[in-house]
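Structure first, commentary second.
In each ligand, atom 1 is the first atom listed, and ligand 1 is the first ligand listed.
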Amino acid sequence: MLTIDELYDLAKRRRSVRGYDFNEGKDIPREDIEKILEIARWAPSAGNGQPWQFIVIRDREMREKIVELYLKQLEPKREMEFALRGERNISSPGFKNAPVFILVIGDPRVNEAYPVRTREEKGFQHFTTGLANATLLIHLAVAALGMGSQYVSDASSPYMATMLKAYLGIPDYFKIYELIPVGYLKKPISPAPRLELEQLVHYEKFDPKKGRSDEQMKQFIFSITRRGAYGKKDNQRDHQDRA
Ligand SMILES: Cc1cc2nc3c(=O)[nH]c(=O)nc-3n(C[C@H](O)[C@H](O)[C@H](O)COP(=O)(O)O)c2cc1C
């Protein structure tokens with residue numbers, strides 16, 4: 001049985017690993033991928049609908065095609081970022097050398113597993129939460145095996161999702177949820193900052209002292225989030241892509 005301290009260590013050790021941390025030379029055994037996905041299938045899902053399917057992509061040519069898609073869809077993303085915010089710091093795919101990509105896709109027909117009112121009110125939310133839970137378990141399992149993974153959420157943007165369906169023969173009714181490159185780390189990376197526990201926890205009632213003003217929220221966004229480059233100067237960043 002995992003102890004609470006081991007769980008804490010695992011939660012803290014899981015990192016979004018990007019770029020140079022992957023080592024193309026070292027392949028991942030199929031058994032490890034199966035262990036990871038065996039864990040993912042125990043994720044909780046609304047109505048036990050288990051909306052997930054996992055596509056494991058090892059083929060180098062296909063991975064390269066996926067990286068090309070990613071780069072192509074970055075163009076309008078960059079343009080929009082610059083047009084609205086004057087910011088230019090969305091950069092290229094650090095995940096390109098990961099030896100395995102896992103694509104998490106969801107079958108929305110499982111929403112019939114919910115009561116009618118739930119399906120109508122919260123169908124999409126429940127479906128997405130199930131996929132998110134399986135995705136998180138994948139990341140944790142990868143970390144437990146001493147490897148690294150990351151989210152490539154642009155996989156679900158309309159252009160990339162459509163093309164992924166075409167390349168991988170995925171039926172159109174599926175939702176492309178998340179692309180997860182998996183690989184070995186070349187060197188450990190430092191944790192991204194988190195808010196302190198005392199800033200987040202309210203006992204019995206919402207504590208107004210912990211409510212953040214718009215100004216405080218702005219400071220937060222431009223400091224320790226990815227938009228604020230985790231509070232580091234640009235030239236100190238060890239993370240290249242942005243969510
Ligand atoms: C829903 C979701 C989408 C994300 N999308 C991306 C993404 O597209 N690219 C990326 O590099 N990181 C992505 N991330 C990773 C976050 O940037 C990352 O979790 C956060 O900066 C904290 O860093 P950590 O995961 O190393 O603790 C995503 C995370 C979540 C939960």
| field | Closest contact, heavy atoms only, I28 versus Y184 | value | CG1-CE1, 3.8 Å
| query | What atoms of ligand 1 come closer than 4.0 angstrom to any heavy atom of A192? | reply | 23 (O)
| Counting heavy atoms only, which part of H139 comes closer than 4.0 Å to ligand 1: side chain, backbone, both or neither? | neither
| query | Salt bridge or not for R41 and E38, using N-O below 4.0 Å? | reply | yes
| said: Distance under 4.0 Å to a non-hydrogen atom of Q150: what atoms of ligand 1 satisfy this? | reply: 9 (N), 10 (C), 11 (O)
| message | Between E121 (side chain only) and T118 (backbone N and O only), is there a donor and an acceptor less than 3.5 Å apart? | response | no
| request: Report yes if some N/O of S153 lies less than 3.5 Å from some N/O of ligand 1; otherwise report no. | output: yes
| By number and element, which atoms of ligand 1 are closer than 4.0 Å to a non-hydrogen atom of R15? | 24 (P), 26 (O), 27 (O)
| said: Are F174 and M160 linked, directly or through intermediate hydrophobic residues, by side-chain heavy-atom contacts shorter than 4.5 Å (ILVMFWY only)? | reply: yes
| request: Could you walk me through whether Y8 and D5 pass side chain to side chain donor-acceptor pair (under 3.5 Å), step by step? | output: CA-CA 5 Å; Y8 177 74; D5 289 337; over 6 Å; no
